[in-house]
There are 2 protein chains.
Amino acid sequence: MSSQPLRSRRGRPPGRRPGAPDTRGEILAAARAQFAAHGYDGATIRGIATAAGVDPALVHHYFGTKERVFVAAMELPFVPADVTGAVIAGDQGGMGERLARLFVSVWGNPVTRAPFLALIRSALGHEMAATMLRQFVRGALLSPLASVLTAPDRELRIELCASQLIGLGLARYVIRIEPLASASDEEVIALVAPTLQRYLTAHLPGP
Amino acid sequence: MSSQPLRSRRGRPPGRRPGAPDTRGEILAAARAQFAAHGYDGATIRGIATAAGVDPALVHHYFGTKERVFVAAMELPFVPADVTGAVIAGDQGGMGERLARLFVSVWGNPVTRAPFLALIRSALGHEMAATMLRQFVRGALLSPLASVLTAPDRELRIELCASQLIGLGLARYVIRIEPLASASDEEVIALVAPTLQRYLTAHLPGP
DNA sequence: GCCACTATTCAACGCATGATGACTTCTGCG
DNA sequence: CGCAGAAGTCATCATGCGTTGAATAGTGGC
């Protein structure tokens, strides 16, 4: 009995571990999940460390401060330009549907969904996160889309698209109101795509 | 100097205050503001107490627990039925615009906006608040509106309206993306009303 | 095989939080 | 008046947080 130290996870002996484990990466993955689940304030360094099977001090060793963990964890798991490129390429009449399809494909996968969830959850209580969200909307949505539209109020229109998509993500994946939450992707696309299309290209009744 | 106790706010002598001040009401108002500004987790009993000019223990004296302060503070400052009644009364072709106008009028006023902000902010990190939000959407939006619509997927459609309105509130009043945040009410109404109208009454392309 | 460096844990500090219980002062009823 | 109870404060507790500094164990270059 006494020769078996019985350390399941906590109580691992101090000092470097043998081999070359990607501990930093595991911490980042855990952080992403925790921030997505609880938001910036709700997630704790200790919780992240536990989820990564690691001492809390190690998180500080790698990232210094909680804020820095957050910005490191918010690196998107794909390149926004790749994905918005597919939306703006093609006829303008189909942009709404392509945007809707992009949305459900990104939000349908928990891994790609996580950073957005984390960002939105955190933005509500934290100016830093709100700024990051604003910058994402500007850089990854507004700029590319605005370059292919001509209407004078195109920025407004694109942001209305963003507002519909943010609200949809919230209602469907966070608040989970039924029957919206369990509606099929195709059904949601069919309902939302024309809205986006209208925001993007329809002309308004004059003032 | 010694005869002037110099107690600005903290340090008020213990014991009941003379007169009949509505301290409970002041605490509730402070709580509403704090929850709206910081969400459930971000708001603190101490912060609420300070804003109300009162000892933190008094908050517990009146409400017992933080959760109970929250549900007490979330009583809406108007009767939902009064306000949705105006939306469903009238021609169905104008419902979208009436709903959009209701939205900007509720969200345009900080007092009426506060509970919604608090609810949405809190729902993102707290199952209790999420449930309250769900119930509000069901009771104050879905039920009344569903009673005047006939489409088989009308619940879905109404929830899409809700998702658009939630997203709009977030984008405009919390994240404050520009130019959406400073666009005129009329401009926003003109852009959003047709979306709501379409969700409510337009028929979809068949599957 | 030594040695600088990195990876890792441990123990602790200081602070803020939600909650509790004892104590004091005012109000209103009999 | 006398007294029960409501209104109010104070000191305090336990908990959990972010962060720090010291100590230990493995790695890679010479």
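Here is how names work: the chains are called A, B, and so on, in the same order as the sequence lines, proteins then strands, and each is numbered from 1. Any value given below was found using the heavy atoms of this structure, including those in side chains, with hydrogens, waters and symmetry copies removed.
In this structure, B/E26 contributes its side chain and B/G53 its backbone to no donor-acceptor pair below 3.5 Å.
Regarding A/I27, its CD1 atom lies at a distance of 11 Å from the P atom of C/dA7, rounded to whole Å. Atom CZ in B/R12 sits about 18 Å away from atom P in C/dT24, given to the nearest Å. A/L58 has its CG atom 9 Å from the C1' atom of C/dT9, to the nearest Å. Whole-Å rounding puts the A/R68 CZ to D/dG18 C1' distance at 14 Å.
Among pairs with a residue in residues 150-184 of chain B, those fulfilling ring pair (Phe, Tyr, Trp, His ring centres under 6.0 Å) read B/W107-B/Y173, at least two apart in sequence or across chains.
Not one side-chain nitrogen or oxygen of B/Y62 sits closer than 4.0 Å to the OP1 or OP2 atom of D/dA6. The phosphate of C/dT8 (OP1 or OP2) has a side-chain N or O of A/T23 nearer than 4.0 angstrom.
With sequence neighbours excluded, the residues forming a salt bridge (charged side-chain N to carboxylate O under 4.0 Å, His left out) with A/E186 are A/R101, listed by chain and number. With sequence neighbours excluded, the residues forming a side-chain hydrogen bond (donor to acceptor under 3.5 Å, both in side chains) with A/H126 are A/D41, listed by chain and number.
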Can you check nucleotides 18-22 of chain C for protein contacts, nitrogen or oxygen pairs under 3.5 Å, and list what you find?
{"residue": "C/dG18", "atom": "OP1", "partner": "B/K66", "partner atom": "NZ", "Å": "3.0"}
{"residue": "C/dG18", "atom": "OP2", "partner": "B/I45", "partner atom": "N", "Å": "3.0"}
{"residue": "C/dG18", "atom": "N7", "partner": "B/R46", "partner atom": "NH1", "Å": "2.5"}
{"residue": "C/dG18", "atom": "O6", "partner": "B/R46", "partner atom": "NH2", "Å": "3.4"}
{"residue": "C/dA19", "atom": "OP2", "partner": "B/H60", "partner atom": "NE2", "Å": "2.8"}
{"residue": "C/dA19", "atom": "OP2", "partner": "B/K66", "partner atom": "N", "Å": "3.1"}
{"residue": "C/dA19", "atom": "O5'", "partner": "B/H60", "partner atom": "NE2", "Å": "3.4"}

Going by atom type alone, with no hydrogens or angles, which donor-acceptor pairs under 3.5 Å involve a side-chain atom of residues 61-72 of chain B and a protein atom two or more places apart or on another chain?
{"residue": "B/T65", "atom": "OG1", "partner": "B/E67", "partner atom": "N", "Å": "3.1"}
{"residue": "B/K66", "atom": "NZ", "partner": "B/Y40", "partner atom": "O", "Å": "3.0"}
{"residue": "B/K66", "atom": "NZ", "partner": "B/A43", "partner atom": "O", "Å": "2.8"}

Less than 3.5 Å apart, which donor and acceptor atoms pair up between the side chains of residues 160-168 of chain B and the rest of the protein, not counting sequence neighbours?
{"residue": "B/S163", "atom": "OG", "partner": "A/Q164", "partner atom": "NE2", "Å": "3.0"}
{"residue": "B/S163", "atom": "OG", "partner": "B/L160", "partner atom": "O", "Å": "2.8"}
{"residue": "B/Q164", "atom": "OE1", "partner": "A/Y199", "partner atom": "OH", "Å": "2.8"}
{"residue": "B/Q164", "atom": "NE2", "partner": "A/S163", "partner atom": "OG", "Å": "3.0"}

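The side chain of A/H61 sits closest to C/dT8 out of C/dT8, D/dA7, C/dT9.
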